[in-house]
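Step one of this worksheet: look at the structure below.
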Amino acid sequence: QVLLVESGGGLVQAGDSLRLSCAASGLTFSSFVINWFRQAPGREREFVAGISWNGVSRYSADSVKGRFTLSRDNAKKTVYLQMNSLKPEDTAVYYCAASRTFGVDSFMNYWGKGTRVTVSS
């Protein structure tokens, strides 16, 4: 059984940082692109960032460029999303997803259940 488990969410103030983790089991982790998506209340889910199997290729949405950074540890089967300079508009439930590609949520093979991030102004 494939499991992706997100952690690290919470309530922070604008300008603070958080690091989200996505821990995987039940799949050949090093073969997958890991993507992060988020969904804010009343809005559609959107792509945040993705990292290739070896960490060489990384993509992120314009809204988070320069503030969010992805890294992965294949030995630990974990991907990290470092979020700095958080803004109230970053408030959302954050999901990690595993796929062979980047960014298109309909192409994701596996999803986690999400972790909530709330940024107060």
Side-chain angles (χ1 to χ4, degrees):
Q1 179 186 6
V2 175
L3 283 177
L4 298 177
V5 180
E6 303 92 339
S7 61
L11 172 63
V12 296
Q13 293 187 331
D16 285 350
S17 298
L18 276 177
R19 188 176 79 158
L20 304 185
S21 299
C22 172
S25 61
L27 76 171
T28 306
F29 184 74
S30 58
S31 297
F32 283 85
V33 174
I34 301 297
N35 296 273
W36 285 90
F37 293 82
R38 67 186 181 186
Q39 187 164 22
R43 301 189 65 175
E44 291 188 356
R45 187 165 56 196
E46 63 175 357
F47 170 73
V48 175
I51 186 168
S52 62
W53 69 273
N54 58 1
V56 171
S57 297
R58 306 176 196 190
Y59 298 95
S60 58
D62 288 344
S63 58
V64 306
K65 275 192 175 115
R67 300 187 298 121
F68 290 12
T69 304
L70 273 176
S71 61
R72 70 187 292 161
D73 184 336
N74 285 343
K76 294 183 178 179
K77 296 187 177 182
T78 301
V79 166
Y80 304 98
L81 180 66
Q82 178 67 42
M83 307 188 297
N84 298 329
S85 302
L86 282 161
K87 304 175 181 180
E89 51 263 44
D90 295 318
T91 295
V93 177
Y94 284 72
Y95 301 89
C96 67
S99 174
R100 303 294 185 178
T101 189
F102 290 90
V104 181
D105 59 1
S106 59
F107 290 172
M108 298 298 116
N109 298 102
Y110 306 104
W111 288 89
K113 292 187 177 181
T115 185
R116 186 175 300 276
V117 173
T118 304
V119 184
S120 64
S121 57

TODO: Could you tell me which non-hydrogen atom of Ile51 sits nearest to which non-hydrogen atom of Leu70, and how far apart they are?
DONE: N-CD1, 3.6 Å
Task: Minimum heavy-atom distance between Arg45 and Gln39, given as atom pair plus value - done: N-NE2, 3.8 Å
TODO: Please name the residue in the list Val33, Asn35, Leu4, Ile34 that meets the side-chain contact (heavy atoms from CB on, under 4.5 Å) test with Val79.
DONE: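 Output: one option passes, namely Ile34.
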Task: Val2-Phe32 co-clustered via ILVMFWY side chain contacts under 4.5 Å - done: yes
Task: Hydrophobic cluster membership, Tyr80 vs Val48, 4.5 Å side-chain cutoff - done: no
Open item on the list: Under a 4.0 Å threshold between the charged nitrogen and the carboxylate oxygen, would Lys65 count as salt-bridged to Asp62?
Closed with: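 Looking at Lys65 together with Asp62, the answer is yes, because their closest N to O distance falls below 4.0 Å.
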Open item on the list: Using 30° and 60° as the class boundaries, would you call the ring planes of Phe37 and Trp111 parallel, tilted or perpendicular?
Closed with: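 Rings of Phe37 and Trp111: tilted, 30 to 60°.
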Atom pair [atom1] ([X]) and [atom2] ([Y]), whose distance is rounded to the nearest 0.5 Å:
X: Met108; Y: Phe102; atom1: CE; atom2: CZ; answer: 9.5 Å
X: Lys113; Y: Cys96; atom1: NZ; atom2: SG; answer: 12.5 Å
X: Thr78; Y: Phe29; atom1: OG1; atom2: CZ; answer: 6.0 Å
X: Arg100; Y: Ser52; atom1: CZ; atom2: OG; answer: 13.0 Å

Open item on the list: Contact between Arg38 and Val64 at the side-chain level, heavy atoms closer than 4.5 Å - yes or no?
Closed with: yes
Task: Check against side-chain contact (heavy atoms from CB on, under 4.5 Å), Phe68 and Leu81 - done: CA-CA 7 Å; Phe68 290 12; Leu81 180 66; 4.2 Å; yes
Task: side chain to side chain contact (heavy atoms under 4.5 Å, CB included) involving Val117 - partner list, sequence neighbours excluded - done: Leu18, Leu20, Met83, Tyr94, Val119
Task: Heavy atoms from other residues, nucleotides or ligands near CZ of Arg58 exceed 12 (cutoff 6.0 Å) - done: yes
Open item on the list: Assess the residue pair Ser25 and Leu3 against the criterion (side-chain contact (heavy atoms from CB on, under 4.5 Å)); give the C-alpha distance rounded to whole Å, side-chain angles, the decisive distance to 0.1 Å, and a yes or no.
Closed with: CA-CA 5 Å; Ser25 61; Leu3 283 177; 3.5 Å; yes
